[in-house]
Amino acid sequence: MVWEISANIDDMSSETYSYLYEQILEKGALDIYTEGIFMKKNRPAYKITVLCKEKDLDKFTKLLLVETSTFGVRYQKLKRVMLERKFEKIETKYGNIQIKLGYLNGELIKVTPEYEDCKIIAKKENLPLIKVFNEINCIISEKFFFNY
């Protein structure tokens, strides 16, 4: 199970969001995202949502109350289905790259290159990140065959 904590935020400096994201991810959140919303009286705001484990619920609730302009948070328990994940390395012209393999009921259904490895290559080789992803995805397509 995963918990979702959300808070509606208005009148907050945009720099605060970057700091808040860093704090929440460093403290072990599973994910964080924001959505543009309209609150009562049609006031624009952002809804910040943190996904976390149950043991971290109080920690992230307090963080949102202390670090943002919100006066309250909502939380709920969510059900989640995840693929079984395995990692391996594949050889590319840039060197070994880690890929993530996703299995559903023991069947391989998804393979993706690891973002951090692709980012390092893009910077090192002065290439667009999308080009690196596309090249590695071609290698993945040749190495792994899927029947859907």
Side-chain angles (χ1 to χ4, degrees), residues 1-90 92 96-123 128-148:
M1 291 289 178
V2 66
W3 286 83
E4 176 186 76
I5 308 166
S6 62
N8 296 342
I9 312 294
D10 61 354
D11 297 328
M12 205 166 79
S13 165
S14 59
E15 292 89 358
T16 307
Y17 290 95
S18 179
Y19 176 78
L20 181 64
Y21 266 55
E22 287 175 14
Q23 292 298 306
I24 287 173
L25 292 172
E26 284 176 8
K27 292 182 186 325
L30 301 172
D31 205 354
I32 180 173
Y33 61 92
T34 54
E35 301 172 88
I37 61 170
F38 288 93
M39 299 192 313
K40 63 184 170 197
K41 301 180 185 177
N42 211 24
R43 290 180 293 131
Y46 291 101
K47 176 181 174 185
I48 295 181
T49 302
V50 177
L51 300 180
C52 68
K53 297 176 183 171
E54 185 173 16
K55 68 180 180 65
D56 295 328
L57 189 60
D58 290 338
K59 172 174 56 176
F60 291 117
T61 298
K62 180 179 178 184
L63 193 89
L64 288 172
L65 290 169
V66 170
E67 293 284 354
T68 71
S69 61
T70 194
F71 272 73
V73 299
R74 295 178 182 95
Y75 61 91
Q76 62 183 338
K77 189 186 296 189
L78 301 176
K79 294 179 181 176
R80 179 168 73 159
V81 175
M82 291 177 52
L83 296 178
E84 177 188 345
R85 298 169 188 198
K86 293 183 181 176
F87 298 89
E88 67 178 60
K89 297 225 180 230
I90 60 170
T92 74
N96 287 332
I97 304 295
Q98 184 163 286
I99 58 172
K100 182 173 15 180
L101 297 92
Y103 294 84
L104 181 63
N105 300 323
E107 180 185 354
L108 179 64
I109 64 165
K110 202 171 284 186
V111 182
T112 59
E114 277 298 299
Y115 165 74
E116 291 297 331
D117 286 359
C118 292
K119 183 174 86 170
I120 290 167
I121 290 167
K123 285 183 176 182
L129 181 62
I130 189 76
K131 179 175 174 48
V132 175
F133 268 117
N134 288 340
E135 287 183 19
I136 294 171
N137 280 324
C138 284
I139 295 167
I140 287 171
S141 291
E142 290 174 6
K143 183 175 169 90
F144 299 92
F145 179 76
F146 297 107
N147 288 322
Y148 290 108

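- Dense packing is recorded around NZ of K89, with more than 12 heavy atoms of other residues, nucleotides or ligands lying under 6.0 Å away.
- Between the CG atom of L20 and the CG atom of L25 there is a distance of 9.0 Å, given to the nearest 0.5 Å.
- Contact annotation: the side chain of I24 approaches that of L64 to within less than 4.5 Å [non-hydrogen atoms, C-beta and beyond].
- Scanning all heavy atoms of the two residues, the minimum distance from T70 to N8 falls at OG1-O, 3.3 Å.
- Here the side chains of Y115 and K119 are in contact, with some heavy-atom distance below 4.5 Å.
- D117 contributes a side-chain N or O that, together with a main-chain N or O of Q98, makes up a donor-acceptor pair within less than 3.5 Å.
- Side-chain atoms of I97 and E114, non-hydrogen and from C-beta on, never get closer than 4.5 Å to each other.
- I9 and S69 make their closest contact through CG2-OG, 3.4 Å (heavy atoms, listed as atom of the first residue, atom of the second, distance).
- Considering CG of N134 and CG of L129, their distance stands at 9.5 Å, rounded to 0.5 Å.
- Residues V81 and K79 form no side-chain contact, since every pair of their non-hydrogen atoms from C-beta on lies 4.5 Å or further apart.
- Listed by chain and residue number, R43 satisfy the side-chain hydrogen bond (donor to acceptor under 3.5 Å, both in side chains) test with D10 (two or more places apart in sequence, or in another chain).
- When all heavy atoms are compared, the tightest approach of C118 to P113 is SG-CB, 3.7 Å.
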Show your working on side chain to side chain contact (heavy atoms under 4.5 Å, CB included) between V2 and M82 and close with a plain yes or no.
CA-CA 11 Å; V2 66; M82 291 177 52; over 6 Å; no
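- Once rounded to the nearest 0.5 Å, the distance linking CD1 of I48 with CD1 of I32 reads 5.5 Å.
- With rounding to the nearest 0.5 angstrom, the NZ atom of K47 is 5.0 Å from the CD atom of E35.
- With a 4.5 Å cut-off on side-chain heavy atoms, L83 and Y103 do not count as touching.
- Annotation: the span from T49 atom OG1 to L51 atom CG amounts to 7.5 Å, rounded to 0.5 Å.
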Report the C-alpha distance between T16 and T68 in whole Å, list the side-chain angles of each, state the deciding distance to 0.1 Å, and finish with yes or no for side chain to side chain contact (heavy atoms under 4.5 Å, CB included).
CA-CA 8 Å; T16 307; T68 71; 5.9 Å; no
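- Side-chain contact between F133 and T112: absent, with no pair of heavy atoms (C-beta onward) separated by less than 4.5 Å.
- R74 pairs by the side-chain hydrogen bond (donor to acceptor under 3.5 Å, both in side chains) definition with nothing, not counting sequence neighbours.
- Under the ring-ring contact (aromatic ring centres under 6.0 Å, His included) criterion, the residue pairs touching residues 40-87 are W3-Y75, Y17-Y46, with sequence neighbours excluded.
- Taken to the nearest 0.5 Å, the CG atom of L108 stands 10.5 Å off from the CD atom of E84.
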For salt bridge (charged side-chain N to carboxylate O under 4.0 Å, His left out), just list the numbers for K53 and D56, CA-CA rounded to whole Å, side-chain angles, deciding distance to a tenth of an Å, and then say yes or no.
CA-CA 5 Å; K53 297 176 183 171; D56 295 328; over 6 Å; no
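- Taking the side chain as every heavy atom from C-beta outward, K27 and L63 approach each other to under 4.5 Å.
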